[in-house]
Amino acid sequence: MNAREPIVEVRDLTNRFGEQAVHEHLDLTVYRGEILGVVGGSGTGKSVLLRSIVGLRRPSEGAVRVFGQDLLALPPEQRSQLERRFGVLFQDGALFSSMTVAENIALPLIEHAGLTREDATRLATVKLALVGLSMDTAGKYPASLSGGMTKRAALARALALDPEVLFLDEPTAGLDPISAAAFDQLLLTLRNALGFTVFLVTHDLDTLYTTCDRVAVLSQKRVLVADTLEKVAATDDPWIRDYFHGPRGRAARSSLSI
Amino acid sequence: MATEGTPGTASIDLSSGTGRLVVAGDWTLPYYASLHAHMRICCNQVSDHTAVDFTGLGALDTAGASLLADLLGPARVARLAAGTGLAAERAALLQTVGSALAAYCKPARPRRSKGLEDFLARIGAGVESFGKQTLLLLGFVGIVFEALGRNFWRPKHWRVTSLVSHVEQTGLNALPIVALLSFMVGAVVAFLGATVLADFGATIYTVDLVGYAFLREFGVILTAILLAGRTASAFTAQIGSMKAREEIDAIRTLGLDPVELLVLPRVLALLVSLPLLTFIAMMAGVVGGAVVCYATLGITPTMFINLFHEDIHVRQFLVGIAKAPFFAFLIAVIGCMEGFKVAGSAQSVGEHTTSAVVQSIFVVILFDAIAALFYTGMGW
Ligand SMILES: Nc1ncnc2c1ncn2[C@@H]1O[C@H](COP(=O)(O)OP(=O)(O)OP(=O)(O)O)[C@@H](O)[C@H]1O
Ligand SMILES: [Mg+2]
């Protein structure tokens with residue numbers, strides 16, 4: 001890991017929906033190779049922040065730079081080049097409903113990596129196996145998957161191109177605890193081997209404790225703190241106190257220190 | 001990480017007697033095809049005891065790791081720890097991919113198609129599904145009548161707001177297009193009449209032609225076909241996307257009746273708006289005819305109205321407008337029913353929307369033909 005090269009820079013970001021401001025003067029930096037956990041209460045704008053970073057939402061004010069570039073200002077061809085280096089897992093999966101699970105994952109492999117359909121399907125099943133989905137899921141349509149299976153299939157699609165930056169919106173929500181732990185392990189293994197950067201929105205305290213290098217807390221329309229877990233947990237803020245020192249926060253921490 | 005890429009290779013080095021597998025270069029997604037070829041060549045010559053040299057290995061990602069794990073075999077990957085010139089995190093990646101691969105088995109091969117047999121099977125399936133569709137439609141009509149009868153005497157269950165909003169969407173918003181189209185078709189019919197009847201010196205009957213055509217047939221059928229395209233598709237798409245996102249199920253689990261909530265307001269709204277639009281279409285068509293009569297035949301509007309009044313009985317109007325409620329009912333019911341048939345995917349919404357339009361236009365024209373036979377038989 002070289003000297004803290006920033007991958008994502010959010011500067012003075014403001015997002016409004018009509019009258020309602022979701023973010024105001026928000027600053028955040030994500031560095032190469034780190035796993036950044038993003039936490040915050042429901043409706044504090046984590047998903048909106050993610051959408052702003054990947055260029056799906058034009059900020060009301062402020063700038064977002066990914067790999068040092070402003071996505072929304074790039075010509076389409078270069079923007080597409082840049083977007084290939086992303087992997088995005090949306091909160092509700094967003095699998096293509098008219099394709100089977102395997103086809104969903106094979107699509108970017110065929111379109112961007114130029115694989116043949118056969119190779120792509122083979123690799124797609126490998127990715128599915130990685131996230132813990134068996135062969136018979138590959139041929140199913142998204143409508144016939146369970147909630148947790150949808151999450152995993154979407155994760156496999158996000159991982160399809162071995163992206164340099166992964167944006168994950170609540171990847172472990174709806175997974176059973178065993179799968180969630182396996183996911184944490186997978187994320188760490190892949191990050192260590194491939195060195196990618198992860199922007200991880202999560203409510204799962206265990207994921208936070210096991211995987212994240214730094215944690216950013218979204219509250220009061222901005223990033224309250226972004227630092228290592230110990231420092232964040234020690235911050236003097238009522239919400240943070242309740243979050244990390246509430247019954248669940250204590251349980252997750254103690255299970256880790258044992 | 002961002003070093004200049006060198007395509008990955010795997011080769012067998014035989015210089016050291018027993019043979020040594022040399023893995024070099026970048027084992028990454030861009031080189032997948034060539035790596036796969038390398039792997040297949042070496043695959044047969046690698047046993048569980050072949051020594052492996054990883055020192056030349058460049059970048060490695062999950063795609064490359066999956067090929068490498070395949071090449072090395074599950075047993076070796078499992079005990080692949082230190083001492084092979086492989087960094088710990090890479091060994092971990094290989095092991096993760098390897099154990100995932102162990103759960104991987106070959107997909108079942110797709111069934112070979114047999115030309116004629118498949119063709120016949122398709123025809124059979126088509127006929128069978130046609131029969132089923134008809135039965136379903138009749139069943140759905142029954143359900144709608146049942147819901148209508150059940151709620152007729154219970155004003156509390158009338159969805160007045162929803163009804164009014166659908167009347168606006170299906171009726172008021174469609175008014176301009178219906179009027180414009182009818183006006184133009186009226187003009188075209190008058191032109192035709194003027195041209196053909198001129199040979200017989202009977203151009204004056206153009207008025208009758210336009211009047212009969214629009215009151216009996218064109219007014220109602222043009223409106224019905226327009227609404228079949230415009231409204232049946234909208235109903236299917238609305239209900240279909242609700243179905244795809246389990247909203248219909250949510251309505252049921254809340255103890256509410258989707259037919260009462262979604263279908264009745266739509267059916268009733270179309271029962272209101274289609275006859276009204278039909279009336280507008282008739283008028284617009286006749287006006288279109290009158291304009292052409294004036295412009296090409298010199299029949300003044302006063303004369304037009306007088307002739308119209310003399311020759312065309314109110315029965316023609318009644319016979320035409322009487323068909324409107326039936327068309328309205330059929331279009332609305334088919335639109336809603338197709339919506340309920342949607343399953344899961346966005347693709348399915350599209351398929352059923354198309355099907356709703358095709359079916360409702362077909363049914364409208366079929367019904368119109370039957371009505372024409374009936375009216376002729378009755379001497380109307
Ligand atoms: N398209 C939109 N139009 C209007 N308001 C929106 C839109 N999208 C999001 N919002 C609002 O922005 C706020 C933040 O939403 P967001 O989805 O980012 O929350 P979140 O932090 O991801 O919550 P959760 O943890 O529940 O997923 C919410 O108040 C939401 O109502
Ligand atoms: Mg969210």
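Proteins get letters first, then strands, A, B, ... in listed order; numbering begins at 1 in each. These figures come from a predicted structure and were not determined experimentally. These values consider heavy atoms only, across backbone and side chains, with no hydrogens, waters or symmetry-generated copies.
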Once you round to the nearest 0.5 Å, how far does CG of Asp61(B) lie from CG of Leu190(A)?
10.0 Å
Against chain A, work out which of Thr62(B), Thr96(B), Val97(B) has the most heavy-atom pairs shorter than 4.5 Å and name it.
Thr62(B)
Identify which of Ala65(B), Gly350(B), Ala346(B), Ala63(B) forms the greatest number of heavy-atom pairs closer than 4.5 Å to chain A.
Ala63(B)
Minimum heavy-atom distance Ser66(B)-Val126(A), with the two atoms named
CB-CG1, 3.6 Å
Identify which part of [X] has an atom lying under 4.5 Å from any heavy atom of chain B, answering side chain, backbone, both or neither.
{"X": "Ala138(A)", "value": "neither"}
{"X": "Leu186(A)", "value": "side chain"}
{"X": "Leu161(A)", "value": "both"}
{"X": "Leu130(A)", "value": "both"}

Check whether any side-chain heavy atom of His36(B) sits under 4.5 Å from a side-chain heavy atom of Leu123(A), and report yes or no.
no
Using a cut-off of 6.0 Å, state whether more than 12 heavy atoms not belonging to Gln69(A) lie near its atom CD.
yes
Heavy atoms of other groups near Ile178(A) CD1, more than 12 under 6.0 Å
no
With side-chain contact (heavy atoms from CB on, under 4.5 Å) as the criterion, how do Gln347(B) and Tyr141(A) come out once you've worked through the C-alpha distance, each side chain's angles and the decisive distance to 0.1 Å?
CA-CA 11 Å; Gln347(B) 171 123 12; Tyr141(A) 282 91; over 6 Å; no
Side chain, backbone, both or neither: which part of Leu60(B) has a heavy atom under 4.5 Å from chain A?
backbone
Kindly write out the residues that satisfy salt bridge (charged side-chain N to carboxylate O under 4.0 Å, His left out) with Arg245(B), not counting sequence neighbours, or none if the list is empty.
Glu247(B)
Let me see the working for Leu29(B) and Leu115(A) under side-chain contact (heavy atoms from CB on, under 4.5 Å), right down to the final yes or no.
CA-CA 9 Å; Leu29(B) 189 55; Leu115(A) 295 193; 4.2 Å; yes
With a 4.5 Å heavy-atom cut-off (strictly below), which parts of residues 82-102 of chain A touch chain B? List them by number.
Ser97(A), Ser98(A)
